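Source: prediction; values computed, not measured. All chains are named by letter (A, B, ...) in the order of the sequence lines, taking the proteins before the strands, and each is independently numbered beginning at 1.
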Number of protein chains: 2
Amino acid sequence: MHVSADSLIATLRTRGMRVTAPRRAICEVIAAAHAEHLTAAAILEAARARSDAKIDPSTVYRTLDALEGAGTLTHSHLGHGASVYHLADEAAHQHLICSSCGRTFELPEKDVRAFLDDITAGSGFVADPTHFAVSGLCAECAATSR
Amino acid sequence: MHVSADSLIATLRTRGMRVTAPRRAICEVIAAAHAEHLTAAAILEAARARSDAKIDPSTVYRTLDALEGAGTLTHSHLGHGASVYHLADEAAHQHLICSSCGRTFELPEKDVRAFLDDITAGSGFVADPTHFAVSGLCAECAATSR
DNA sequence: TTTCGTGCAAATTGTTTGCAATAGA
DNA sequence: TCTATTGCAAACAATTTGCACGAAA
C-alpha cells in the first residue's frame, strides 16, 4: 500500500531529524501524490498551499534529500528540465518521454526486466531504470511523422 | 568513415549559412573528436585553442544547434550535468553511466536493438537510445558494493 | 540549552536571448 | 550592400550554499 505522511515523518524522526512544519507539509504532499511524479517546484507550491508556514525552495530540496537518503524517496530525470520525485516503494518502471509531444509514459516492470537483463548480460552493468527516461516518439507521434 | 571538418563546413554552406572563423574552428574540433563525446564547454575550449578568433559560448551553442538542425550532429544527456555532442553518423548506442564512479560505458548497437524491440513491442513507442543515458552501477562498482 | 533547521540572499551550472556592431556573400 | 553572425551582457531555470536567527529536542 501507499506510504502515509505519518510514516514519512516517522522516517525522519527515526533518523534523528527534527519534525518541523515545512517538513510535515512536504511529507503530506508526497504521500498525497501517490504514484504521481512531482517536481520540486510542484511540491513547494502544494506544501505552501497546505501549510501556513513560510516555505523556501531550499527547504524543499533539503527535505527531499533527507527522504532520499532514508531510502523512501527517489527522483528521476524525465527530460531536459526539472527532476521528478516519487516514493521509492513504487514498482520499478522505465519512463518513456516523447520528444515530439512531451508526454511521458511508463513501461511496466515486466518489459523493463527484459531490458535490464539484456544490459546486464553484456556488460555486468546493473541498470537502474528509474533514474533516466528514454526518449523517443510515442506511438501517435510516430504515426503522424510518417 | 568519419566526417571531415570540411564536410561539416560544407553542410553549413549548403544550408545557406555563412562560414565564419568560429564556425570553422568548431567544425574542426568536432571532426577531430571522432567518436569522442564532447561537452559544449570542451568544444569551446578546444575551438579557442585552435583559432585566434574570439569565441563565445553562445556562438558554440548556436553552431551546435545549426549542425544538429542539419542532422550531422546529436547531443545526449549522460548525467545531471552538461550535454555531450557527437557526430550523428555514429552507430546508435546506449550510454550507461555508473552512479558510483561516474564512468560512462557504451552498449553496442546489437544489445540496444533487443531493448528497443522490446519497448516498441509493448507500447508502439519508438525509442531513441542515443538521447538519454541509463544510470546504474558498473560491474566493478556493483561488485565492491556487494 | 544546544544544535538542527530555517528563510533569505547570493552563488552555480548550463544554456538562451536581446542587442548593436561586424563581417560574410 | 545587406543581412547573417558575432561577442557581450544579461536573463534563464534548477539547484546549492553560506549565514545568522529561531525553534525543536
Side-chain angles (χ1 to χ4, degrees), chain A residues 8-27 37-45 47-48 50-70 73-85 102 131-133, chain B residues 8-27 37-48 50-70 73-85 97 102 131-133:
Chain A
L8 289 174
I9 289 165
T11 301
L12 294 178
R13 190 171 273 130
T14 306
R15 297 198 111 212
M17 305 180 71
R18 292 179 185 172
V19 177
T20 64
R23 285 188 179 163
R24 208 181 301 267
I26 292 165
C27 287
H37 295 32
L38 301 173
T39 62
I43 293 170
L44 172 64
E45 194 186 358
R48 277 178 172 164
R50 186 177 291 257
S51 162
D52 43 4
K54 199 175 274 187
I55 307 179
D56 194 76
S58 57
T59 300
V60 173
Y61 284 111
R62 288 189 273 230
T63 303
L64 260 23
D65 271 4
L67 289 170
E68 276 203 85
L73 193 74
T74 14
H75 74 274
S76 338
H77 301 275
L78 257 46
H80 306 205
S83 305
V84 294
Y85 294 81
H131 204 60
F132 288 111
Chain B
L8 288 174
I9 290 165
T11 301
L12 294 177
R13 190 172 272 130
T14 307
R15 297 197 111 214
M17 304 180 71
R18 292 176 185 174
V19 177
T20 64
R23 285 188 176 162
R24 207 182 301 267
I26 293 164
C27 288
H37 296 35
L38 301 173
T39 62
I43 293 169
L44 172 65
E45 194 187 357
R48 278 178 171 164
R50 187 178 291 258
S51 162
D52 43 4
K54 199 176 273 189
I55 308 178
D56 193 76
S58 58
T59 301
V60 172
Y61 285 110
R62 288 190 273 231
T63 304
L64 260 22
D65 271 2
L67 289 170
E68 275 204 86
L73 193 73
T74 14
H75 74 274
S76 337
H77 301 274
L78 258 44
H80 306 204
S83 305
V84 293
Y85 294 82
I97 180 160
H131 205 60
F132 289 112

Just verifying a value: how many Å separate B/Leu44 CG and B/Thr39 OG1, rounded to the nearest 0.5 Å? 9.0 Å
Hey, can you pull the residues of residues 55-63 of chain A with a non-hydrogen atom under 4.0 angstrom from DNA chain C? A/Ile55, A/Asp56, A/Ser58, A/Thr59, A/Arg62
Protein-nucleotide distance (B/Arg23, atom CZ; D/dA4, atom P), rounded to Å: 11 Å
CG on A/Leu64 to OG1 on A/Thr74, rounded to 0.5 Å: 10.5 Å
In whole Å, what is the span from the NE2 atom of A/His80 to the P atom of D/dC12? 21 Å
Would you call the rings of A/Phe132 and B/His80 parallel, tilted or perpendicular, where under 30° means parallel and over 60° means perpendicular? perpendicular
Does A/Ser83 make a side-chain N or O approach to OP1 or OP2 of D/dT15 shorter than 4.0 Å? yes
To the closest 0.5 Å, what do you measure between CG (B/Leu73) and CG (B/Leu38)? 9.5 Å
What stems, by residue range, does DNA chain D take part in, given at least 3 consecutive Watson-Crick or G-U pairs under 3.5 Å? C:1-10 with D:16-25, C:15-25 with D:1-11
Students often mix this up, so state it plainly: with edges at 30° and 60°, are the rings of B/His131 and B/His77 parallel, tilted or perpendicular? perpendicular
Within this structure, what is the CD1-CD1 distance for the pair B/Ile26 and B/Ile55, rounded to the nearest 0.5 Å? 5.5 Å
Check whether any side-chain heavy atom of A/Leu12 sits under 4.5 Å from a side-chain heavy atom of A/Cys27, and report yes or no. yes
For the pair made of CG in A/Asp65 and C1' in C/dG5, what is the distance, rounded to whole Å? 14 Å
Whole-Å distance between C/dC4 C1' and A/Arg15 CZ? 15 Å
Treating primed atoms plus P, OP1 and OP2 as sugar-phosphate and everything else as base, which nucleotides of nucleotides 20-25 of chain C get B, S or - for protein heavy atoms under 4.0 Å? ---BBS
Starting at CG of A/Asp65, measure out to NE2 of A/His75 and round the result to the nearest 0.5 Å. 8.5 Å
Taking the side chain as every heavy atom from C-beta outward, state whether A/Arg24 and A/Val19 have any atom pair closer than 4.5 Å. yes
Rounded to whole Å, the NE2-C1' distance (A/His75 to D/dA14) equals 12 Å
Rounded distance (nearest 0.5 Å) linking atom CZ of B/Arg23 with atom CZ of B/Arg13: 11.5 Å
